[in-house]
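Right, one structure below, let's go through it.
So you know, we letter chains A, B, ... as the sequences are listed, proteins then strands, and number each from 1.
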Number of protein chains: 2
Amino acid sequence: MNHKQLLDYIQNFVSLKEEEAKLVVSCFKEVKVKKRQFLAQPNFINTHRSFVIKGAFRTYTITDDGQDHTLQFAIENWWVSDFNSYLYQHPATLFIVALEDSTVLQIEYHKEQELKKASHTIETFFRIIAEKGLAFEHRRILFNLTHSAEARYDNFLLNYPNFVQRVPQYALASYLGMSTEFLSRIRNKKTRKKS
Amino acid sequence: MNHKQLLDYIQNFVSLKEEEAKLVVSCFKEVKVKKRQFLAQPNFINTHRSFVIKGAFRTYTITDDGQDHTLQFAIENWWVSDFNSYLYQHPATLFIVALEDSTVLQIEYHKEQELKKASHTIETFFRIIAEKGLAFEHRRILFNLTHSAEARYDNFLLNYPNFVQRVPQYALASYLGMSTEFLSRIRNKKTRKKS
DNA sequence: GACTAAAAATGAAGCAGATCAAGAAAAGAA
DNA sequence: TTCTTTTCTTGATCTGCTTCATTTTTAGTC
């Protein structure tokens, strides 16, 4: 049962009572997505947010000049959505695409509101993950402001070594704010050094 | 009474009962900070977070090569802290300096935990501001990834026209991820165009 | 109002990283 | 296995932005 994975994840942060756990489970429905399929697209509202059970996703936008920019990746036990679209229930600006055949658990926006209203503990859980997300993005912004392209790549490699193999290089480059070509050069320089 | 300003702010998001309002008020203490004084410094834990009643602050770091990078500004009705230090109660990496003579209301970390535990509504409030903060930083990261230095400045000007006068230009430049000189050139180009 | 210190402006030179173009390698599909 | 498409690599050239050095302007202080 895939809901166990979600409950385990939640219980890292808070302890749910029996009924709360049941309530949570009843609000999430399983969805399977094949590689290259989309979970969300610009102009459509993100009526759901998704918890990744298995697989990997990329959240990105395409600018007028055709350039591709990655805002986020998500693998097992991460959440994925166009968060601005979800939070404000406005049309999305981002694509969310599956990088592998994936399974997610989805909750509908209004169901989430009900959950948070019904249980102080669940409210606490959502507060905690929002705060952690915010702290994470602060670190990211600061690191991006203060480091070169190469240092950003090194840092990513250090923090998410397992991630790198699962993500196409052009996507990683655009996440780190550099061109595919430049990331290719950085990598090439490193492998030459090592050997 | 300055606590009214805080309560009004909170009640934009949730409705507090009489006792909850009193409880909140009892947890915040007023602190005055003169221009150029520090609210926080690297290596010290942010034991408090601050709600700005009056004045302006800048949150920044200085890299080994002496460069100054601004993570955040805060004016009236904004929160200010080294959020990673506050959330995890770890030593800070950021300076927080007053850009003007300022007044803040401070809450101690453990008091905030108690507040959130004591009241579902207050928990909801903190969840909401964390979510809004997260959505904001997502927009910021995406905009930074997808736009040139000049466009980033234009966007800031558009969204925070009143802010620009209160913030030194070198600080704004470092917030927007460009050198002071380059921002100067951008501005100069614009004023020449207009006249 | 004169003096001092901090911030902003300006020119010249340099560079990190982008762009363009073309080929090589890898992954999917039939 | 072959064919097709996508991804990655590599070289050549270009540019947005930085850095450095100096001057001008603004703000703060006695």
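The side-chain heavy atoms of R58(A) and I96(A), taken from C-beta on, include no pair separated by under 4.5 Å.
Distance CD/E108(A) to CG/L115(A): 11.0 Å, rounded to 0.5 Å.
Checked against Y60(B) for a ring-ring contact (aromatic ring centres under 6.0 Å, His included), the options Y170(B), Y175(B), F95(B), F73(B) give a single hit: F95(B).
Computed from coordinates, the L172(A) CG to dT7(D) C1' distance equals 14 Å when rounded to whole Å. Atom NZ of K189(B) is separated from atom P of dA9(C) by 15 Å (rounded to the nearest Å). Rounding to whole angstrom units, NE2 of residue H69(A) and C1' of dA18(C) are separated by 12 Å. Remark: C1' of dT7(D) and CD of Q165(A) are 16 Å apart, rounded to the nearest angstrom. As rounded to whole Å, 12 Å separates atom C1' of dA9(C) from atom CZ of R187(B). One atom, CG of N188(A), and another, P of dC8(D), lie 14 Å apart when rounded to the nearest Å.
For an aromatic pair to be called close, the ring centres must be under 6.0 Å apart, and F28(B) with F51(B) fails this.
Without hydrogens or angle criteria, Q89(A) side chain to Y86(A) main chain gives a donor-acceptor distance under 3.5 Å.
Enclosure of atom CZ in F136(A) by more than 12 non-hydrogen atoms of other residues, nucleotides or ligands within 6.0 angstrom is indicated. Heavy-atom contacts from other residues, nucleotides or ligands closer than 6.0 Å to CG of D64(A) number 12 or fewer.
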Practice problem: Please report the C-alpha distance between N12(A) and D8(A) in whole Å, then the side-chain angles of each, then the deciding distance to 0.1 Å, and finally whether the side-chain hydrogen bond (donor to acceptor under 3.5 Å, both in side chains) criterion is met. | Solution: CA-CA 7 Å; N12(A) 284 333; D8(A) 285 350; over 6 Å; no

Handout entry: Derivation of the side-chain hydrogen bond (donor to acceptor under 3.5 Å, both in side chains) call for W79(B) and Y9(B)
Key = CA-CA 11 Å; W79(B) 295 88; Y9(B) 167 80; 3.2 Å; yes

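Axis angle across the helix from dG1(C)-dC30(D) to dA30(C)-dT1(D), with five pairs used at each end and values rounded to 10°: 60°.
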Protein heavy-atom contacts under 4.0 Å, written 5' to 3' over nucleotides 12-21 of chain D as B (base), S (sugar-phosphate only) or - (none), form the string B----BBBB-

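In this structure, F13(B) and F125(B) have tilted ring planes: the angle between them lies in the 30° to 60° band.
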Got a list of protein N/O to nucleotides 27-30 of chain D N/O distances below 3.5 Å?
| residue | atom | partner | partner atom | Å |
| --- | --- | --- | --- | --- |
| dG28(D) | OP1 | K35(B) | NZ | 2.9 |

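In this structure, L105(B) and E30(B) approach most closely via the heavy-atom pair CD2-CA, 3.7 Å.
Side-chain N/O atoms of Q169(B) include one lying less than 4.0 angstrom from OP1 or OP2 on dA9(C).
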